[in-house]
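Please read these numbers as outputs of a predicted model, since none were measured by experiment. Letters A, B, ... are given to chains in the order of the sequence lines, protein chains preceding strands, and every chain is numbered from 1.
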Amino acid sequence: MTRTAAPPAIELRGVSKHFRLESGEQVRAVDELSLTVPAGEFVCVLGPSGHGKSTILNLVAGFAEPSEGEILSAGKPVTGPGPDRGVVFQRDTLFLWRRVAENIAFGLRAKGLPKPERDEVVARYLRIIGMESYGRAWPKQLSGGMRRRVAIAAVFANEPEVLLMDEPFVGLDYARRATLHTVLLQLWERSRATVFFITHDVDEALALADRILVVVRGKIVMEERITQPRPRSVEDLGTAAVAELRTQILSLLELGAGSA
Amino acid sequence: MSTAFPRSRAGDVGPAASALQRERRRRALAATRAAAQTAGLAVAGVALIIGAWWLISLGTDPVRVPSPQLVFDTLRADWNNIPALSFIAFQSGGIKQALVYTTVNVVGGVAIGAAAGFVLGALLGRVRLARELLGPPLFVLGTVPILVLAPFLTIWFGTARIVQAGLVIAFALVTVAAVTQQATMDIGERYTDYAQSLGASPRIVLVSIVLPATLPPALGAVRVATAAGWSFATVAELLGGNKGTGKLIQSMQGLSATADIMAAVVALGITALVIDAAIRLIGTWVIRWQE
Ligand SMILES: Nc1ncnc2c1ncn2[C@@H]1O[C@H](COP(=O)(O)OP(=O)(O)OP(=O)(O)O)[C@@H](O)[C@H]1O
Ligand SMILES: [Mg+2]
């Protein structure tokens, strides 16, 4: 394996983020966390509720500044949000006043891509997410799962180098999730983007990730590489080793949850 | 027959789209039915009132309560010209000319005031400095009744149109600005964060997010401002004008021409209804994306 000289897609160096609550109490949402994510890696982040996962994502996205430490994206310090780091939020952020196609084209327009090329990209992504006939629909006419697909397509169409996803599939049924996993993996394989994916679902992480991180109290308490090829079938994930890993992660989550 | 399912025609984009079309047709049908029902009730209500009016007028002196028929005849006869008018007030023509004058003041005044109010509201909502600088004085101004403006406008501008339209402009500005500011602040960082992470510049954020997201409440405020605008415009004419429906009503009161007063009021009411319906129609189309 040859190591390229390219800088990692995401790098956190001793990053902390403190919040002061109304009670005057200080919360260490992220606690001296260091992390390196090489370009193209699919990282899944698990952790109990309220233990800093979204805060890490917001810092990398540039929506907030760290209290201490340094965050680099492709070797450059993060100073604010930018089109190199796409974000899929837990609650969808589709622009209700724009049709589906215009939602997908939003970033491309901001970039100044001419309309014929925009239309081409939009048509391609509509096909990938299986919604060819919905280009002219309004978001209000879509189901929850369709909205998620459009949100993902909108971010992918912008071709970010880094994709930050905060529990993007929460609240969807099993079949929709499976479809979206397939769509996500397809898009990821084509774009070779780096993915930082937050989830509460251990099985989702096991199915998707190159690497799983468990965050408790703002620190990474466990890190596990998964090497099985994708797509991973139920059998792939049924091995004793995976079961062992799952148990280990679940116990960490339970321990952490007890000390929120 | 080879198949029970007809092959899709060219331009037909599959089952999902046709479901969408069916849904749209179903909704259009339901909307038409609801509209017909509403219209029917409205007609019945109007008939009821005219009937009651007619009954009352039967036993009353026409100077006190003229009959619907008399008012309608007066409206037709005095539509284009009321000779007496040019002696008392300073305007010429009839009910139509007075109505046009007032309507232009209301519609034009609301348009100007609402546009300025929208910009001001968005500015106050988006820019902290503007909010902290202009917020407190605007709040104080907001507590002063708008009618207080009238004498000042008269002193500054005499009987020019701006005096009558001024109150309408001021009210539309204040109403739309307040609503737009609140709506702008309610957008939430979610949308702007998202847009920025897609590479949107501040200008794009303003045009593509702030504007459309605040449009629905702002349009509501425009309707309110227009409804109130009729009162402000006519009252301003009474206070210091020499034209318009308000002035006409005042002049006709001097002549005890009750039928003319009622004719003017009816004409004004119908105009207001039509304009409100137009705003609502435009509004429904503009915010057709809303859930
Ligand atoms: N803007 C903020 N102001 C104050 N405290 C905050 C803010 N954002 C997050 N926190 C605090 O930081 C801690 C971590 O929150 P965070 O949202 O990162 O958790 P999370 O791991 O994403 O949880 P969940 O799984 O429930 O989404 C929490 O204690 C939360 O109260
Ligand atoms: Mg979270």
Side-chain angles (χ1 to χ4, degrees), chain A residues 57-58 60-64 78 80-100 102-113 126 130-143 146-147 151 154-160 162-164 166, chain B residues 8-28 118 122 180 183-184 186-219 282-291:
Chain A
L57 184 140
N58 287 333
V60 176
F63 300 146
V78 169
D84 55 320
R85 283 154 289 133
V87 184
V88 179
F89 296 83
Q90 178 176 338
R91 271 187 64 199
D92 85 50
T93 38
L94 293 185
F95 301 124
L96 299 178
W97 49 88
R98 292 177 164 255
R99 296 176 193 273
V100 165
E102 293 163 348
N103 261 288
I104 297 178
F106 185 86
L108 304 173
R109 255 174 79 146
K111 267 187 198 163
L113 200 73
L126 282 174
M131 289 177 59
E132 290 99 320
S133 50
Y134 282 91
R136 288 192 53 73
W138 297 104
K140 71 171 176 185
Q141 295 168 305
L142 307 181
S143 74
M146 291 160 99
R147 281 177 171 226
V155 174
F156 266 98
N158 214 29
E159 295 181 354
V162 175
L163 201 65
L164 306 166
D166 196 347
Chain B
S8 57
R9 284 165 284 120
D12 197 339
V13 268
S18 77
L20 212 68
Q21 276 166 3
R22 255 204 313 282
E23 171 66 11
R24 205 174 289 161
R25 224 173 293 141
R26 193 191 62 74
R27 271 200 215 160
F118 194 74
T180 308
T184 306
D186 287 345
I187 292 175
E189 279 168 26
R190 207 155 56 92
Y191 273 127
T192 44
D193 277 353
Y194 172 62
Q196 279 171 352
S197 75
L198 287 174
S201 63
R203 193 188 61 85
I204 296 181
V205 168
L206 196 68
V207 174
S208 312
I209 296 162
V210 176
L211 203 105
T214 52
L215 213 50
L219 275 171
I282 296 169
T284 318
W285 184 82
V286 168
I287 57 177
R288 64 202 181 285
W289 48 266
Q290 231 187 3
E291 294 175 292

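- More than 12 heavy atoms of other shown residues, nucleotides or ligands fall within 6.0 angstrom of atom CZ in R190(B).
- For chain B, the nearby parts of F95(A) are the backbone and the side chain; heavy atoms of each come within less than 4.5 Å.
- Residue S197(B) touches chain A through both its backbone and its side chain, counting heavy-atom pairs closer than 4.5 Å.
- Proximity to chain B is absent for every atom of A157(A), based on heavy atoms less than 4.5 angstrom apart.
- Options G107(A), A154(A), G82(A), P139(A) differ in how many heavy-atom pairs under 4.5 Å they form with chain B, and the most are formed by G82(A).
- The part of Q290(B) that comes within reach of chain A is its backbone (N, CA, C, O), which places non-hydrogen atoms under 4.5 angstrom from that chain.
- Put simply, of I209(B), I204(B), L215(B), the one with the most heavy-atom pairs under 4.5 Å next to chain A is I209(B).
- Atom CZ of R99(A) sits in a crowded spot, with more than 12 heavy atoms from other residues, nucleotides or ligands closer than 6.0 Å.
- Between Y194(B) and V155(A), the closest heavy-atom pair is CE1-CG2, 4.1 Å.
- Surrounding CZ of R288(B) are more than 12 heavy atoms belonging to other residues, nucleotides or ligands, all under 6.0 Å away.
- W97(A) contributes a side-chain N or O that, together with a main-chain N or O of S208(B), makes up a donor-acceptor pair within less than 3.5 Å.
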